[in-house]
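Heavy-atom basis, side chains included; hydrogens, waters and symmetry copies ignored. For clarity, every value in this text was computed on a predicted model and none was experimentally measured.
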Amino acid sequence: MTTKDYPSLWGFGTTKTFKIPIEHLDFKYIEKCSDVKHLEKILCVLRSGEEGYYPELTEFCEKHLEALAPESRALRKDKPAATAASFTAEEWEKIDDDIKSWVSEIKKEEDKMHFHETETFPAMKDNLPPVRGSNSCLHVGKEKCSKRPTKKKTPRDYAEWDKFDVEKECLKIDEDYKEKTVIDKSHLSKIETRIDTAGLTEKEKDFLAIREKEKGNEAFNSGDYEEAVMYYTRSISALPTVVAYNNRAQAEIKLQNWNSAFQDCEKVLELEPGNIKALLRRATTYKHQNKLQEAIEDLSKVLDVEPDNELAKKTLSEVERDLKNSEAVSKTQTKGKRMVIQEIENSEDEERKDSGRKHEDGSGDKSKISFLFRLCKKLPFYMMSWLSFSICTEIRNLPVFLALPCKFTSQLRSSFS
């Protein structure tokens, strides 16, 4: 029998939920009803108690629904939480032992972590590294912050605003910012670049390496590339990994340390040949070191594996453009005329070595005479009086002067007298 066999009884009232006629909440109707879904709705209304509590009718409805559909969801009941009284003495003792053993294992793990954070680094216990962006170091003990009395801010009148110098205030702000940036970098010297891993297991080394790498990632994301390099170095000292080398290479590229970044990329490719990130970053270092052909080779390897890599495509186009420009410049330089530049060095040692040869052929004396004549031309007139005697005696003692014609020597003597 279904609900359609009975006439509509909406006029006699319905339930708030499901809009079931009140007349259907009856033993006879429930006994004759074969609609499982309708019986589930009736059972839900009876359990809710919105039309009153009828335990016997509810139980009867459950039995009839169980006979029609034993796997119905409406028959499921929430079981109360189990307590110690729900178990036997042996079962409860076993459960209690399991809980106690689990708690002891957790405490051992916590003690190990605390031991490695304090006992492994005893020097850092009382001198912890400072928090990024602050000027003071962390201290183990709690210290009370000294409260300074704050001045009351009084509003300014228009006459004071006329005296306000905007440029001066902007300069102050810039100077304060520069001082803060300098102070922020001063804490880097307090961070040790290596971690002592003597006596640690591989699991403990891995834990330390991951922790230092995450610190480096935080510093990199905040723009502190120098601090990021230091933390990545600490991670590598604990346990060298491909990720740490790759991340340090990227930080070195941001600092434009091309040689260090290149060495890190080489380490990555030794540990994992064909690493895409390492090839891309090594190509970047090649590009800035003007090794364009090597950069093209690395970028071609990347595009062979990932043809849709936008960064590799963009970098390759830039490298090819730079290569074409360099070739064009080299061609224009080869077309010009070649000029031979000869450097003449007159050192004292060479003059001493060649003095004997010059005196033999007279070339040294001739150069000496020409030098003395040039000196006389450049000197002012009032200095000639005290130099004339010394220069004349120097020239007259030269063998080349003695070999000159008499007419020329007489003129020279008269010019210096």
Side-chain angles (χ1 to χ4, degrees), residues 76-145 187-248 250-251 267-268 271-272 275 277:
R76 297 176 184 175
K77 294 181 180 180
D78 295 333
K79 293 183 179 180
T83 60
S86 305
F87 302 96
T88 60
E90 294 178 356
E91 291 175 346
W92 180 250
E93 188 177 354
K94 185 180 179 182
I95 292 168
D96 190 43
D97 292 339
D98 291 340
I99 292 170
K100 287 179 180 178
S101 63
W102 177 78
V103 170
S104 62
E105 287 177 3
I106 294 297
K107 284 184 178 179
K108 286 180 182 178
E109 292 292 330
E110 287 180 355
D111 293 339
K112 282 183 181 179
M113 292 172 66
H114 182 67
F115 172 76
H116 292 310
E117 289 179 359
T118 56
E119 297 298 330
T120 310
F121 314 107
M124 294 176 64
K125 186 174 181 181
D126 297 327
N127 188 16
L128 296 174
V131 178
R132 194 184 309 114
S134 66
N135 302 334
S136 60
C137 298
L138 292 174
H139 297 284
V140 178
K142 295 182 180 179
E143 296 179 357
K144 294 182 180 179
C145 298
H187 70 277
L188 296 177
S189 59
K190 298 178 183 178
I191 302 173
E192 296 181 2
T193 55
R194 293 190 62 81
I195 297 175
D196 186 14
T197 57
L200 299 180
T201 62
E202 290 297 323
K203 187 177 179 181
E204 291 165 348
K205 290 179 183 178
D206 186 45
F207 171 76
L208 289 174
I210 292 170
R211 187 183 68 179
E212 296 300 322
K213 178 179 69 68
E214 289 175 353
K215 289 181 183 178
N217 292 343
E218 290 177 5
F220 185 89
N221 293 330
S222 63
D224 254 338
Y225 302 121
E226 292 181 4
E227 188 173 349
V229 168
M230 297 195 75
Y231 280 119
Y232 290 140
T233 306
R234 286 168 63 84
S235 176
I236 291 166
S237 68
L239 186 68
T241 58
V242 171
V243 178
Y245 277 118
N246 246 335
N247 292 358
R248 191 172 71 173
Q250 183 63 22
K267 287 283 186 182
V268 173
L271 296 171
E272 187 180 324
N275 188 282
K277 290 183 179 179

Are the side chains of [X] and [Y] in touch, meaning some heavy atoms are under 4.5 Å apart?
X    : Y    : value
M230 : E227 : no
K277 : V268 : no
L239 : L208 : no

Open item on the list: Nearest 0.5 angstrom please: Y231 OH to R211 CZ, how far?
Closed with: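 Here the rounded value is 9.5 Å.
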
Task: Short side-chain donor-acceptor distance under 3.5 Å, N217 and Y232 - done: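 There is such a pair (donor and acceptor under 3.5 Å, judged by atom type) between the side chains of Y232 and N217.
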
Task: Side-chain H-bond candidate by donor/acceptor type, N221 with E218, under 3.5 Å - done: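 Per modelled atom types, N221 and E218 side chains form no pair under 3.5 Å.
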
Going by atom type alone, with no hydrogens or angles, which donor-acceptor pairs under 3.5 Å involve a side-chain atom of residues 92-99 and a protein atom two or more places apart or on another chain?
unit_1: D96; atom_1: OD2; unit_2: K100; atom_2: NZ; d: 3.4

Open item on the list: Under the criterion side-chain hydrogen bond (donor to acceptor under 3.5 Å, both in side chains), I'd like the reasoning laid out for Q250 against N247: C-alpha separation, chi angles, the key distance, then a yes or no.
Closed with: CA-CA 5 Å; Q250 183 63 22; N247 292 358; over 6 Å; no

Task: Heavy-atom closest contact (L271 atom, T241 atom, distance) - done: CD1-C, 4.5 Å

Open item on the list: Looking at every non-hydrogen atom in both residues, tell me the closest pair between A209 and S235 and how far apart they are.
Closed with: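 Reported closest heavy-atom pair: O-OG, 2.8 Å.
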
TODO: Check for a donor-acceptor pair, side chain of E109 on one end and backbone N or O of I106 on the other, with a separation under 3.5 Å.
DONE: no

- [ ] Sort out for me which residue in R234, R248, R194 forms a salt bridge (charged side-chain N to carboxylate O under 4.0 Å, His left out) with E212.
- [x]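 Going through the options one by one, the only one that passes is R234.
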
Task: Counterpart residues, side-chain contact (heavy atoms from CB on, under 4.5 Å), relative to T197 (two or more places apart) - done: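 T197 satisfies side-chain contact (heavy atoms from CB on, under 4.5 Å) with I195, L200, K205, A238 only.
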
